[in-house]
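Chain naming here is simple, since letters A, B, ... match the order of the sequence lines and numbering starts at 1 in each.
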Amino acid sequence: MRLVVVGNGMAGARLVSEARARDPQMRVTVFGAEACRPYNRVLLSDVLAGGSRPEQVRLLDPSWYAEHDVEAVLGTEVARIDRETRHVLTADGRREPYDLLVLATGSEAVVPPVPGAGRAVPFRTLADCERIVAAAGRSRGAAVVGGGLLGVEAARGLAGRGLPVTLLHLAGHLMDRQLDAEAGDVLGETLAGLGVTTRTGVSATAVEPGGVRLACGELVEADLVVLACGVRPVTGLAAAAGLEVRRGVVVDDELRTDDPSIFAIGECAEHDGTVYGLVAPAWEQAAVAAEVITGGKARYRGSRLVTRLKAKSVELAAMGETQLDEEHAEVVRFSHRARGTYRKLVIRDGRLVGAILLGESDAVGTLTQLFDRGGPVPGDRAGLLFPGLSAAPVAGSPVLMPDAAEVCRCNSVTKGQIRACWEAGARDVAGVAAATRATTGCGTCRDAVEGIVGWLCDQEGVPV
Amino acid sequence: MTRTHCPYCALQCGMEIGPGLEISPSTDVPADGPGALCQKGWTAGELLTNGARLTTPLLNGKPASWEAALDHVAARLSAIRAEHGPDAVAVFGGGGLTNEKAYQLGKFARVALGTSQIDYNGRFCMSSAAAATIRAFGMDRGLPFPITDLDDADVVLLAGANVAETMPPFVRRLSGARLIVVDPRRTPTARLAWLHLQPTPGTDLALALGLLHLAVADDLVDADYVEARTTGFDAVRTSLASWWPERVERVTGVPVHRMRQAVRALAAAGNAYILTGRGAEQHAKGTDTVTAFVNLALALGLPGRYGSGYGCLTGQGNGQGGREHGQKADQLPGYRRIDDPAAREHVAGVWGVRPEDLPGAGRSAYELLDALGTPEGPRALLLFGSNPVVSAPASARIGGRIAGLDLLVVADVVRSETAALADVVLPVTQWAEEDGTMTNLEGRVLLRRRAVAPPAGVRSDLEVLAGLAARLGHRFGTEPAAVFDELRRAGAGGVADYTGITYERIAAGTALHWPCPSAGHPGTPRPFLDRFAHPDGRARFVPVEHRPAAEEPDEDYPVRLTTGRVLAHYQSGAQTRRIASLVRAAPEPFVELHPDLAAQLGIAAGDLVRVSSRRGESRVVARISDAIRRDTVFMPFHWEGANRLTNPALDPVSGMPEFKVCAVRLERDS
């Protein structure tokens with residue numbers, strides 16, 4: 001069996017390691033257009049912000065390919081697929097035969113067709129990221145075109161490097177695909193506090209040497225312009241080979257294209273009408289495709305989308321259908337804009353179908369898992385939004401503690417027993433300990449015992 | 001007054017026993033200063049006068065003389081061996097046995113029976129941490145530092161350890177530290193914590209990877225230490241790129257900002273410790289989970305540094321010593337590997353046999369129990385200091401295997417659930433009725449002294465083994481001190497070298513931690529200060545990958561079950577369930593569930609609930625508590641029942657079963 005993978009990004013690299021883990025025998029060749037080892041695109045925002053160094057985002061060690069008997073052909077474009085003879089042909093003339101072929105060609109940054117767009121740097125690859133970082137060092141101000149997830153991350157990262165940043169967004173609020181209007185506004189306010197000026201409802205008409213020209217004629221001054229205008233699936237290879245392509249390469253539940261010996265996964269693939277732009281679905285697809293390729297029975301049924309912003313001091317999680325209103329769903333909302341807090345649950349038929357959490361919250365883990373698993377939402381919605389709210393209060397004063405309350409767990413001693421012990425003549429902790437063994441285990445109840453003894457002494461007017 | 005130690009957990013608190021069997025704490029262990037005991041220790045004297053005590057051997061359920069019982073056992077063992085070969089006889093030991101008994105049991109199996117089929121319940125306890133630390137440090141010593149070092153800790157991370165219930169006096173050593181507790185439940189220990197991380201059961205490995213990712217990304221790695229004292233960091237760092245914190249959050253349910261808080265506190269601390277317990281270890285990926293926490297400790301430069309470190313909190317009384325002297329399937333005394341020719345030659349020399357006559361490695365605990373009575377498996381079992389009908393995973397299946405044996409011999413103090421199935425029950429001495437040594441969680445060897453005479457009619461395990469050995473043609477000693485001397489010779493030159501440790505030195509008050517390779521040697525309280533135990537002296541980073549639990553919830557079994565302990569009971573409860581005040585404190589098994597889950601299932605506090613898994617079912621009382629995650633229920637394992645549900649999926653390295661997570665269904669029992 002000869003497996004050829006075109007694309008060595010997050011989806012392709014994942015597929016290769018998943019397939020190799022399942023089948024140590026098959027011959028595996030992977031072609032990558034970028035000359036470097038695969039890296040984690042999710043972490044590029046960290047690199048841009050200066051948190052991680054480029055070498056920290058590599059997904060595989062250089063020795064991995066040799067150790068796992070995988071041939072990696074990097075820095076090489078695949079130019080054509082010959083489906084008749086089952087070969088791929090590279091731009092430099094290599095013909096590689098395959099039994100099964102996986103397309104993981106990913107997507108490319110959309111560059112808006114405006115004059116001067118070439119002056120701007122798209123934010124997509126590690127090389128882009130390194131260009132932006134280098135330019136940031138020479139710049140006095142930056143503009144980011146596009147207020148989606150990546151644009152927000154880029155803007156935050158550049159602001160963190162000390163640059164004044166203007167974030168330009170066409171829609172009425174930031175991250176309009178993931179957030180409702182209020183959340184988008186709260187996000188904008190949070191970013192403002194971090195040195196990012198947000199302009200929504202604006203459209204860039206040109207990139208000029210001095211900045212970005214808006215449709216209204218205004219020039220937003222910037223000597224570094226970053227483009228985060230979305231991505232487009234790379235489907236040319238598939239289309240030229242005659243495979244069915246709509247927005248992405250169309251695949252079924254096994255991730256097969258209409259040619260049963262060719263699979264497509266990741267951002268170039270379209271499953272059930274959806275092209276996914278996040279890592280989690282790409283890795284889920286890679287696992288399913290690897291299982292199918294190695295003779296297993298897995299099926300891909302679509303992914304639940306959780307967007308988690310990676311931007312220092314901006315905590316944001318958004319999932320599912322966040323824009324539904326009260327007419328179509330049960331909506332639970334808490335907003336405290338002065339603190340940059342916005343929380344929203346969207347519940348339908350007793351299940352969590354969407355959520356937004358803006359601002360630091362312990363609820364994020366629980367809600368993400370509840371959304372992922374599709375389990376029933378508990379009746380106490382407030383407890384979900386505010387974990388810890390329902391935790392049992394600690395009995396503060398000995399007065400409030402019932403006699404049955406256990407004071408010393410290590411020796412199962414109740415307040416009532418301590419009182420009885422006091423009534424029998426014990427007037428200090430040592431006396432109580434001798435009679436009840438309270439405090440002789442872990443010792444953490446010592447203050448409580450002391451408090452109860454002191455309170456009893458006070459009540460009865462006994463000097464301690 | 002007789003100075004000795006508590007019969008229960010690995011802390012081995014010092015205690016004194018008075019002439020009327022009254023117990024009082026003494027000062028030597030777990031630390032200097034006023035002694036401390038939990039209610040198990042305070043009431044331990046009742047074990048000595050308990051009405052349930054066995055005093056006569058039972059042969060097919062009827063009282064018999066020792067001669068008749070031992071003759072019967074020896075004859076049956078010989079016949080089974082003759083017909084089916086030496087591996088048809090199996091031996092199963094325990095982590096509560098003294099060093100002398102553990103040693104003698106291993107020798108009895110290899111020399112008197114010639115069987116490779118020996119393992120012990122410590123496989124269910126310590127094996128994942130042991131495998132991981134041998135891999136990382138070249139040596140497994142639970143805490144490679146004295147417990148009193150923890151007094152000066154600034155931050156301590158406890159991963160899956162509920163010390164406030166399992167070893168309460170240990171908590172005294174943590175009073176000066178910020179505690180970070182990783183536990184799916186808000187346990188009494190978590191209530192003491194500065195920061196409680198509450199992951200989905202079965203995801204601790206992902207959590208550790210996330211913490212290490214943050215340590216790298218936020219530049220908190222101790223690069224000088226990594227350079228000077230370790231190897232393999234680069235491969236681990238690469239592996240972390242796949243485990244960014246937001247992904248870990250989705251898998252574990254632990255918020256990113258809490259992970260960051262934890263790792264920053266650890267990195268900023270002058271003195272910091274990472275300690276793991278069974279919660280992290282009892283998984284089909286327990287070895288890798290511990291490895292991930294060790295990797296984190298190494299990246300932060302903790303192990304082998306005075307005042308900081310990584311440690312594993314051993315569970316059973318002699319869990320540490322029990323894994324060093326040869327009752328483990330793949331080991332010989334001195335923590336030597338049974339497949340190491342030099343080790344075989346040395347031990348064979350001490351035992352007066354030929355190296356080639358020593359059997360090789362046998363099955364690990366669960367595999368051994370699961371093979372009993374099957375066509376390929378052993379047909380006879382000798383059981384010492386264990387109660388697998390309660391404590392083994394998939395216990396109903398194991399009960400069935402045991403019932404299929406031709407011969408089951410159980411040596412115990414009381415008629416445990418497993419002894420109730422035995423053809424022959426041998427009543428033996430316990431704890432304060434005999435001398436012996438125990439090695440506690442910090443690798444310190446302690447003297448357990450005889451305080452009272454045993455009841456008439458019982459014999460020590462050493463006498464039982466000697467009696468059987470004699471009938472099989474071998475001479476075995478019965479005096480603990482003499483057996484200990486032989487153990488020291490057999491272990492000399494091994495990893496756990498006890499050569500310089502004697503009853504006299506311990507009695508004189510010297511704190512002796514192994515290795516102690518010669519007579520005047522002061523012992524080694526902190527073995528890694530200068531070098532780790534690998535030949536190059538360096539600790540090893542090992543890349544590990546998270547993977548899901550062996551059994552994830554689905555439509556049929558939608559809830560996660562995790563198991564653990566309560567304060568009043570110990571292990572399978574064979575001892576503590578017979579102490580009146582402990583039974584009052586914790587009278588019955590239960591299932592703990594969150595109020596939201598309870599409401600969804602229509603279960604109220606106190607309802608009888610049927611909990612079922614693919615392996616069996618159990619009826620227990622419901623306790624409602626918001627201290628547990630909504631997707632998880634908890635059952636204590638001290639009663640027969642919890643382990644009917646647990647999953648025997650095994651860790652490929654350590655053989656540890658996945659006690660800590662499986663999928664169950666709950667229904668109100670009408």
Could you look at A/Ala280 and say if it's the side chain, the backbone, both or neither that has a heavy atom under 4.5 Å from chain B? side chain
Under 4.5 Å from a heavy atom of chain B, the part of A/Val42 involved: side chain
Given that the side chain runs from C-beta out, which part of B/Arg172 has a heavy atom under 4.5 Å from chain A: side chain, backbone, both or neither? both
Portion of B/Val251 that has a non-hydrogen atom of chain A nearer than 4.5 angstrom: backbone
Less than 4.5 Å to any heavy atom of chain B: does that hold for the side chain of A/Arg37, its backbone, both, or neither? neither
Tell me, side chain or backbone of A/Leu43 under 4.5 Å from chain B's heavy atoms, or both, or neither? side chain
Please step through side chain to side chain donor-acceptor pair (under 3.5 Å) for the pair A/Trp283 and B/Ser242, ending with a clear verdict. CA-CA 11 Å; A/Trp283 283 9; B/Ser242 304; over 6 Å; no
B/Pro543, part contacting chain A, at a heavy-atom distance under 4.5 Å: neither
Which atoms of A/Asn40 approach chain B - backbone, side chain, both or neither, heavy atom under 4.5 Å: side chain
Interface moiety of A/Leu357 toward chain B, non-hydrogen atoms closer than 4.5 Å: neither
Among side-chain atoms of B/Thr238 and A/Trp64, is any donor-acceptor pair under 3.5 angstrom? no
Among B/Arg258, B/Glu249, B/His257, single out the residue with the greatest number of heavy-atom pairs under 4.5 Å to chain A. B/His257
Checking A/Asp372 against chain B: side chain, backbone, both or neither under 4.5 Å from a heavy atom? side chain
Answer with side chain, backbone, both or neither: which region of A/Ser361 has an atom nearer than 4.5 Å to a non-hydrogen atom of chain B? backbone
Measuring heavy-atom distances to chain B, does A/Val279 have an atom under 4.5 Å in its side chain, in its backbone, in both, or in neither? side chain
Contacting moiety of A/Thr366, where chain B heavy atoms sit under 4.5 Å: both
B/Arg584 versus chain A, the contacting section by heavy-atom distance below 4.5 Å: neither
Can you tell which of B/Thr252, B/Leu174, B/Leu240, B/Thr43 has the highest number of heavy-atom pairs within less than 4.5 Å of chain A? B/Thr252
Using non-hydrogen atoms and a 4.5 Å limit, figure out which bit of A/Leu309 sits close to chain B: side chain, backbone, both or neither. backbone
Okay, B/Leu192 and chain A: the region with an atom under 4.5 Å from a heavy atom over there is side chain
Would you indicate whether the side-chain heavy atoms of B/Glu246 and A/Lys310 approach each other to under 4.5 Å? yes
Between A/Gln369 and B/Thr200, does any side-chain donor sit less than 3.5 Å from a side-chain acceptor? yes
So how far is it from B/Asp219 CG to A/Gln56 CD, rounded to the nearest 0.5 Å? 7.5 Å
Where on B/Ala217 is there a heavy atom nearer than 4.5 Å to chain A: the side chain, the backbone, both, or neither? both
Heavy-atom cut-off 4.5 Å, strictly under: side chain, backbone, both or neither for B/Ser581 against chain A? neither
